[in-house]
Amino acid sequence: MSREPAVPCVWSEATLSHRPDREVWIGLAMDGSEVPERVSVIAQALRQADHRLIEAVEHPDACLTTVHSEELIRHLSTAYDAWVDGGFVEHGQDRVIPYFFPTEVMLGGIPRTDAASVHARAGQFCYDTMTTLGPGSWEAIRAAADCALTAADLVLSGDARRAYALCRPPGHHATEGAFGGSCYLNNAALAAQALVDGGHRRVAIIDVDAHHGNGTAAIFYRRADVFYGSVHVDPGAGWFPHVVGHRSETGLGPGHGTTQNHTLAPGSGDEDFLKAVRLLAESAVRHGATALVVSLGVDAAADDPESPLEVSRAGYGRAGRVLLGDLGLPTVVVQEGGYHLPTLGSLVTSFLAGREVS
Ligand code: SP5
Ligand code: ZN
């Protein structure tokens, strides 16, 4: 494993242009955690570990609607300009933040129309108050998708057996038609769909982010061809995404049995995490996957401020050995969460190295 060439890494400078300086949580404006410096520290660590950095190649919008609704794409690409035109910046709010959520229980079966104004439309697409749109957000969101799609191209063409996409903003909380959890477009789902469209009849997605990837899970919940498996902190213990990500969710209809959730108690460390990672790898093999997407969130790390899990750097190295080394499938690794800037880079490089590091 260690004698193999370092995994090529796709990135884009444009991913830095999304600046969620603040995120609204329980009505309070807090410092944003999904900051551009995440990309800078990861890119620096990759260079130091002798990874080749490759610029993302632009892909047409048709590559996005394989996974997302046209309405979501239109909203993400136009909402900030509409917000400015609507005078909300002069009002004192320079980010698109919803205040109104037209849920099914609010509608009670009455068919709804699209909201006429952007401040009301915002809640039709964004399901929390933490995932804001500002100047430069769409450019970064789009660039993150291009990173994932370019990495998938590298693997499909055979130029690389494995490729890593330095996606930012992350993606696994974004569903077909909605966004939240610091995610806008589902980069991992786009990569998985590209692998399917490129000829892989069965693909597995393994999500090791500290949070359940509810967006990815929902996109593939009814599909037999794409397996989604995740290890994450138990939503039932009070953690995001709160209402899904339970063990009982196993897929529906033709997708029955192709979804798998491993929930960890807050405080869990390497051994519980790795036990789940090994079970997910076995399930990917049983699924008959000929290609793999890893949603690599490193926020399960002990120092991370966004989760109560206690995984070590060595734990991420061991997870990398299981998923990149032992499994041996053509693999696209997609960056998800991870917010502790001092250790973020080394967590990613130790996963990619697939080695035990202390
Ligand atoms: C991709 C990813 O890791 N998304 C994380 C989404 C979870 N965010 C939930 C945040 C809950 C409130 N945190 C308050 C601290 C504010 N900095
Ligand atoms: Zn996360």
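Whatever order the structure lists ligands and atoms in, that order sets their numbers, starting from 1. Side-chain atoms are counted along with the backbone in the values below, which use heavy atoms only and exclude waters and symmetry mates. Here the structure is a predicted model, which means the values were calculated and not measured.
- Between Arg142 and Glu58 there is no salt bridge, since none of the side-chain N atoms of the basic residue sits less than 4.0 Å from a carboxylate O of the acidic one.
- The distance from ligand 1 to the heavy atoms of Asp209 drops below 4.0 Å at these ligand atoms: 3 (O).
- Here the side chains of Thr132 and Asp21 are not in contact, with every heavy-atom distance at 4.5 Å or above.
- The atom of Asp299 nearest to the Zn ion (ligand 2) is OD2, with the search restricted to N, O or S atoms.
- Taking the N/O/S atoms of Asp209 in turn, the shortest distance to the Zn ion (ligand 2) belongs to OD1.
- Heavy-atom contacts of Pro170 reach the following atoms of ligand 1: 1 (C) (cutoff under 4.0 Å).
- For the Zn ion (ligand 2), the N/O/S atoms of Glu306 include none lying under 2.8 Å.
- Within the cation-pi definition used here (under 6.0 Å to the ring centroid, within 45° of the axis), Arg47 qualifies as a partner of Trp11.
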Report task. For ring pair (Phe, Tyr, Trp, His ring centres under 6.0 Å), just list the numbers for Phe179 and His173, CA-CA rounded to whole Å, side-chain angles, deciding distance to a tenth of an Å, and then say yes or no. Result -> CA-CA 7 Å; Phe179 66 100; His173 297 305; over 10 Å; no
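- Ligand-side atoms of ligand 1 in range of Gly337: 3 (O), range being under 4.0 angstrom from any heavy atom.
- Below 4.0 Å from some heavy atom of Asp299 lie the following atoms of ligand 1, by number and element: 3 (O).
- Contact atoms of ligand 1 toward Glu306: 10 (C), 13 (N), 17 (N) (distance under 4.0 Å to a heavy atom of the residue).
- Nearest to atom 14 (C) of ligand 1 among the protein's heavy atoms is Trp25 CD2, 3.9 Å.
- The distance between the ring centers of Tyr228 and Phe220 does not fall below 6.0 angstrom.
- The protein non-hydrogen atom at the shortest distance from atom 4 (N) of ligand 1 is Gly181 O, 3.1 Å.
- Between Phe240 and His212, the distance from one ring center to the other does not fall under 6.0 angstrom.
- The ligand atoms of ligand 1 that sit less than 4.0 angstrom from a heavy atom of Met130 are 10 (C).
- Given atom 1 (C) of ligand 1, the protein heavy atom at minimum distance is Tyr339 OH, 3.2 Å.
- Between Glu271 and Lys275, none of the side-chain N atoms (NZ, or NE/NH1/NH2) sits under 4.0 Å from a carboxylate O, so this pair counts as no salt bridge.
- Proximity of His172 to ligand 1, defined as any heavy-atom pair under 4.0 Å, is confined to the side chain (atoms from C-beta onward).
- Residue His211 approaches the Zn ion (ligand 2) most closely through its N/O/S atom ND1.
- We find that Arg278 and Asp326 are not joined by a salt bridge, their nearest charged nitrogen and carboxylate oxygen being 4.0 Å or further apart.
- A salt bridge links Arg22 with Asp94: the distance from a Lys NZ or Arg NE/NH1/NH2 to an Asp or Glu carboxylate oxygen falls below 4.0 Å.
- Between Met30 and ligand 1, a contact under 3.5 Å exists for no N or O pair.
- Remark: ligand 1 atoms within the under-4.0 Å shell around heavy atoms of Glu23 are 16 (C), 17 (N).
- Salt-bridge formation is not detected for the pair Arg52/Asp50: no Lys NZ or Arg NE/NH1/NH2 atom is positioned less than 4.0 Å from an Asp or Glu carboxylate oxygen.
- For the ligand labelled ligand 1, residue His211 lies inside the 4.0 Å heavy-atom shell.
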Query raised in the report: Could you walk me through whether Tyr164 and His51 pass the ring pair (Phe, Tyr, Trp, His ring centres under 6.0 Å) check?
Result: CA-CA 10 Å; Tyr164 166 82; His51 288 274; 7.7 Å; no
